[in-house]
Each structure stands twice: as structure tokens, then as C-alpha cells.
S.K.: 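I have a structure here, written as C-alpha cells, and I will follow up with some questions on it.
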There are 2 protein chains.
Amino acid sequence: MERLLSNIKISINEKCYLKDPESSDLGKRIVENSIILIDEIGFDNFTFKKLGVKIGSNESSIYRYFESKHKLLLYLTSWYWSWMEYQLVFSTHSIPSPKLKLEIAISILTQTTVLDSNFSHINEVVLKRIVINEYSKSYLTKEVDLENKEGYFSTYKRLVTRLKDFILELNNSYEFAFSLASTVIDGALHMQFIKDHFQSISDKKMEKEPTEFYKELVFKTLNIA
Amino acid sequence: MERLLSNIKISINEKCYLKDPESSDLGKRIVENSIILIDEIGFDNFTFKKLGVKIGSNESSIYRYFESKHKLLLYLTSWYWSWMEYQLVFSTHSIPSPKLKLEIAISILTQTTVLDSNFSHINEVVLKRIVINEYSKSYLTKEVDLENKEGYFSTYKRLVTRLKDFILELNNSYEFAFSLASTVIDGALHMQFIKDHFQSISDKKMEKEPTEFYKELVFKTLNIA
DNA sequence: CAAATATAATAGTAATACTATTATAAATGA
DNA sequence: TCATTTATAATAGTATTACTATTATATTTG
């Protein structure tokens, strides 16, 4: 848990960790460097042993914070979604126009460039890359229903729900608001992957950001001029 | 490679296998039962040893067909996309109206119920579940660029391109045709996962199929009444 | 300064994802 | 038909992974 501009917290299910990594220097180094190492070698090749070498600490010490690399991934991705939620809430808070609010929300959720922030030990640019490349692996498992029940995905689902509410504020007769919301949130991540790796099926106009694509998609679908 | 109604073939990059599994009874049993076993225990828990037990054969014999379980997954998912491509091409071949063509295409790509087919040893219903739950893992790797160059994802990309062409036939000034195509194809898989596991962010109207959602999304985005 | 707590070091385990070698069975061809 | 090729099965072995458990050594705190 970390305070952001003394308002909202980065809220992460406590079951993700055995000992709060924010509570010690070692914990912060674990989080900071796991982000860097997962980005470098990929989650599949990432081990606590390698992370131990990187931070000059021992494998067993890392296990005192996270019981598995899967839980660490849940921690990191929850952090990301919580941070997104914060940006969403903060940026739309004082906007009265539902249309502008939704527009801002789509911008935040689909932009490729990442806002600087004050979390010394978390590099949000790199964390975003991890979410693009590894988030799916956190739920595409046989344990997803159990873990979902235990609340590991609630931050993500709350973000989708917030976007759905913005959609309904603008057009409350639309019957697929949840689906449209997750199309934007999950689609934007996937679109970034396509742009980075499958250029031959990426639109030229996508060169900068998918924001325009999603804005048009959403507003046309909602019959908003 | 397998002929379908003496017309199109299920085309799979030969690099996926060491020995064509269609060329022997053991090969077919490997493919047939790997689909069933991956569905049962998930790709992460799937091993050639367990598959060997299931088919009453030896681990080492399976390795003579597929050099790794990753290559097997590439084989199975390529098979799926090739089969989808076949259905798409076959069902739209004689349709002159671009709108109807695109409508049919969206139906095929987003329907949850799966058409029966004549491939004795491949259960398409189960294979679809595998694609929903495991396809991402085939490309969310550090080797994706290399494997993409080697053509392992070409069937999938060709399918996206076909749908993009349908979109452009209907509205050739639309600048995000590729993105819209992959939104439909990949989104539909993801939507099925959400419906199955994250019901709290799934729309009530989604209970049957996401087809209506995607048709509306596409036609409104393309300014088609 | 003693006790509690955090971290590090060492060792060990079952399973994974393979490779390599040899043995045996089945199919084919001269 | 029998020799040869080819397919399959069995066995063994490897480095790595994803941990757990135990003990030792720092560091902090009361």
C-alpha cells in the first residue's frame, strides 16, 4: 500500500505477498529489480535465483516476501492496474461532461507513453511492458477461478467496471458496456503487442497510439457524434 | 496437411513437427490426445511424459514427432486458425454482397458453438477451448520475433488479413482495418474467457454469443446502417 | 546488552524438459 | 523369404526449476 498524492492508495491484495515488500529496503529492491529482470529475460525464464544474483541477495530471502513467482506477477500486475485506476479517477474527477470524461479515460488507458510518477523504486514504463507481455499468464491458468474468488483480479475488474460506468453515463441504453470496456482495456495492451511484433497486421495509422482507433470505435458504437 | 472437401488444405508450418503426425497412427493419437490432455490439465501442467501414459506410449516416441511442447502448441493453434480460415473462405466464397460477407465472417469468428467436421482425430470443440486458454502463450515469449520470421504465425496473420480485406471491401476509406479485424478475432477469444471466468464483468446480453456485440461494433464503426 | 527479527547460506527434493543410447517390433523390397 | 530399413519402446541420464527446511549470522529494538 502506498499513498498517491495523499488521496488514493495503490491497493494490492495482501495474499500476494508473505511480507509486505514496501516494508523494507530488501522488499523494494526485490520489486524494483524483478520488474527489470522480467522485462529483460521474460517471465518464463525468470527465477528467484537469478533475481537473487541481480540484487546481491539470496533466493531464500526472496521467498520470505513472495511464495512464488506467480504471486509476484499478481503483485506487479495489480500494482499496474491500481496505478491506472488512480490515474483514471484523478484525471476525470472534476470533469462534468460524460463525453469528455470517457474521452480522457480512453486516452489514459490506451496511450503508449507513460506518465512519470513518484514511485522511486517502480519504473512504470518497464512495468507497462511487463503487463503487455505477461499479464495474460497471470489468469490463463487452471487456478484462475480459485484465485479470482480470493480477489487477486479485483483491481483489474474494478477498473473495467469504472470504464463501463463512464460508458453508461453517456449512453445508458447500451447493452454491452462491460464488453466494450474490456475491449478497450485489454485490446489496447494486445494492440501494443501487435505493433511491436506483428507489424504486418498493424495499421500504418497506428504508428503512434491506438487512442484514435479506440475513441472512434467507442463513440461510433455508442452513437455519439 | 489434410484436404478439406477437396479444396483447401489445413496448412501447418512444417517446422512445427519433426515427423508429420498425420503420417502415422501414433502421430494421430498424439495430436488427438494432446488436445484432450491440455484441456484437462492446462498447458502449463502438460508434459510429454503424461501424454505418453495417456496414449500407452513412450515419452521418447512423442519427441520423435514434436521437439517440444511449445512446438506442439504452435501446431495445434495453427491447425485451429487454418480450420477457421477454411470455414471463412468456404462460407463467403459465393456471396457477392460485401456486407453479408462481413456479417458471415464475424459470425464464424465469434460464435461459441463449433461446427462439426470430418476430422476424426481432432475434436474442434475442445481445440477451441485450448485456443481460448493457451493461444497467447504461444506468442508471449522472448522468441516471438524469431519464430514469427520463421512463419509460425502466418496462418493467424493471414486470417486477420482476410477479415481486414472484407472490412475494406465495405469501407475502403477506413484507416484501422487491421486493428478492427484483430479486435474481432482476438477479442472474441478473450470475451469467451471473461464469460467463463470473470462473470462479474461480463454483460448479461453476452450469455449466448458475442456475435451481436461484434457485428454492431464493426458496422457502426464502418458507418454502415 | 539481550532478545527479537531480518537476512544469508547451505542443502536437499521432486518434477520438468529434455537428450542419448539401445532394444525390439513391424513394414517393405529384392 | 529373409534381410534391411524404419518405427516405436525402454532405459538412463542431465541441467534446471521451483521450491522447502535448517542453520548461521547480522541488524534492530526495547
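Numbers restart at 1 for each chain; the letters A, B, ... are given by sequence-line order, proteins then strands.
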S.K.: Under 3.5 Å, is there a donor-acceptor pair linking the side chains of B:Asn148 and B:Lys157?
M.R.: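 Per modelled atom types, B:Asn148 and B:Lys157 side chains form a pair under 3.5 Å.
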S.K.: Would you mind telling me which residue lines up with the more 5' stretch of DNA chain D, A:Ser60 or A:Phe48, judged by nearest nucleotide?
M.R.: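 The residue whose closest nucleotide sits nearer the 5' end is A:Phe48.
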S.K.: Give B:Lys49 one of three labels, base, sugar-phosphate or nothing, depending on what nucleic acid heavy atoms sit under 4.0 Å from its own.
M.R.: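 Nothing, no heavy atom under 4.0 Å.
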S.K.: Categorize B:Glu67 for me: base, sugar-phosphate, or nothing, with a 4.0 angstrom heavy-atom threshold over every strand shown.
M.R.: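 Sugar-phosphate: the residue B:Glu67, judged by heavy atoms under 4.0 Å, touches backbone atoms but no base.
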S.K.: Can you see if the side chain of A:Ser57 gets near the phosphate of C:dT7 - specifically, an N or O under 4.0 Å from OP1 or OP2?
M.R.: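 For C:dT7, neither OP1 nor OP2 has a side-chain N or O of A:Ser57 closer than 4.0 Å.
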S.K.: Take atom CD1 of A:Ile62 and atom P of D:dT20, then tell me their distance rounded to the nearest Å.
M.R.: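 Those two atoms, CD1 and P, are 14 Å apart.
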S.K.: Among side-chain atoms of B:Thr110 and B:Thr211, is any donor-acceptor pair under 3.5 angstrom?
M.R.: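 Result is yes, a qualifying pair exists.
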S.K.: Rounded to the nearest angstrom, tell me the gap between atom CD in A:Glu59 and atom C1' in D:dT22.
M.R.: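 Distance, rounded to whole Å: 15 Å.
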S.K.: Report which part of the nucleic acid A:Phe46 touches: base, sugar-phosphate, or nothing (heavy-atom distance under 4.0 Å, all strands).
M.R.: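 It contacts sugar-phosphate atoms only.
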S.K.: Is there a side-chain polar atom (N or O) of A:Lys50 under 4.0 Å from OP1 or OP2 of D:dT17?
M.R.: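 Looking at the OP1 and OP2 atoms of D:dT17, one of them is under 4.0 Å from a side-chain N or O of A:Lys50.
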S.K.: What is the distance, to the nearest angstrom, from the CD1 atom on B:Ile30 to the P atom on D:dA7?
M.R.: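 In whole Å, D:dA7 P and B:Ile30 CD1 are 13 Å from each other.
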S.K.: For B:Ile55 and D:dA10, what is the distance between atoms CD1 and P respectively, to the nearest whole Å?
M.R.: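 Distance check: B:Ile55 CD1 to D:dA10 P gives 12 Å.
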S.K.: What's the closest nucleotide to the B:Lys69 side chain, out of C:dA9, D:dA9, C:dC18?
M.R.: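 Looking only at heavy atoms from C-beta outward on B:Lys69, the closest nucleotide is C:dC18.
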S.K.: Choosing from D:dA7, C:dA6, C:dC18, which nucleotide comes nearest the side chain of B:Ser68?
M.R.: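 In terms of side-chain proximity for B:Ser68, the closest of D:dA7, C:dA6, C:dC18 is C:dC18.
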S.K.: Rounded off to whole Å, could you give me the NZ-to-C1' distance for the B:Lys19 and D:dT5 pair?
M.R.: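 The distance from NZ of B:Lys19 to C1' of D:dT5 comes to 12 Å, rounded to the nearest Å.
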S.K.: For A:Ser61 and C:dA8, is the shortest distance between a side-chain N/O and OP1 or OP2 below 4.0 Å?
M.R.: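 True: A:Ser61 side-chain N/O within range (under 4.0 Å) of C:dA8 OP1/OP2.
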S.K.: Compute whether any side-chain donor of one residue and acceptor of the other, for B:His121 and B:Glu22, lie under 3.5 angstrom apart.
M.R.: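 A pair is found: one side chain offers a donor N or O, the other an acceptor, under 3.5 Å apart.
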S.K.: Hey, which of A:Phe66, A:Trp81, A:Tyr80 is the one that makes ring-ring contact (aromatic ring centres under 6.0 Å, His included) with A:Tyr75?
M.R.: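 Single pass found, and it is A:Phe66.
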S.K.: Could you check which of C:dT10, C:dT7, D:dT17 has an atom nearest any side-chain atom of A:Thr47?
M.R.: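 Closest nucleotide among those given: D:dT17.
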S.K.: Could you please name the option among C:dA9, C:dT16, C:dT7 that lies closest to any side-chain atom of A:Ser24?
M.R.: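 Nearest listed nucleotide: C:dT7.
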S.K.: Of the candidate nucleotides D:dA10, D:dA7, C:dA8, which contains the atom at the shortest distance from the side chain of A:Asn58?
M.R.: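 The listed nucleotide nearest to A:Asn58's side chain is C:dA8.
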S.K.: Take the protein atom NZ of B:Lys28 and the nucleotide atom P of D:dT8, then report the distance between them rounded to whole Å.
M.R.: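 Atom NZ in B:Lys28 sits about 12 Å away from atom P in D:dT8.
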S.K.: Counting the atoms with a prime plus P, OP1 and OP2 as sugar-phosphate, which does B:Tyr65 contact under 4.0 Å by heavy atoms, base, sugar-phosphate, or nothing?
M.R.: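 Sugar-phosphate: the residue B:Tyr65, judged by heavy atoms under 4.0 Å, touches backbone atoms but no base.
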S.K.: Whole angstroms only, please: what is the NZ-P distance between B:Lys71 and C:dC18?
M.R.: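 The answer, rounded to whole Å, is 10 Å.
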S.K.: Once you round it to whole Å, what is the distance between C1' of C:dA11 and OH of A:Tyr63?
M.R.: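 Between C1' of C:dA11 and OH of A:Tyr63: 15 Å.
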S.K.: Under 3.5 Å, is there a donor on one side chain and an acceptor on the other for B:Asp145 and B:Tyr139?
M.R.: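 No, no side-chain donor-acceptor contact under 3.5 Å.
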S.K.: What I want to check is whether the side chains of A:Lys19 and A:Ser24 have a donor and an acceptor closer together than 3.5 Å.
M.R.: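 A:Ser24 and A:Lys19 do not have a side-chain donor-acceptor pair below 3.5 Å.
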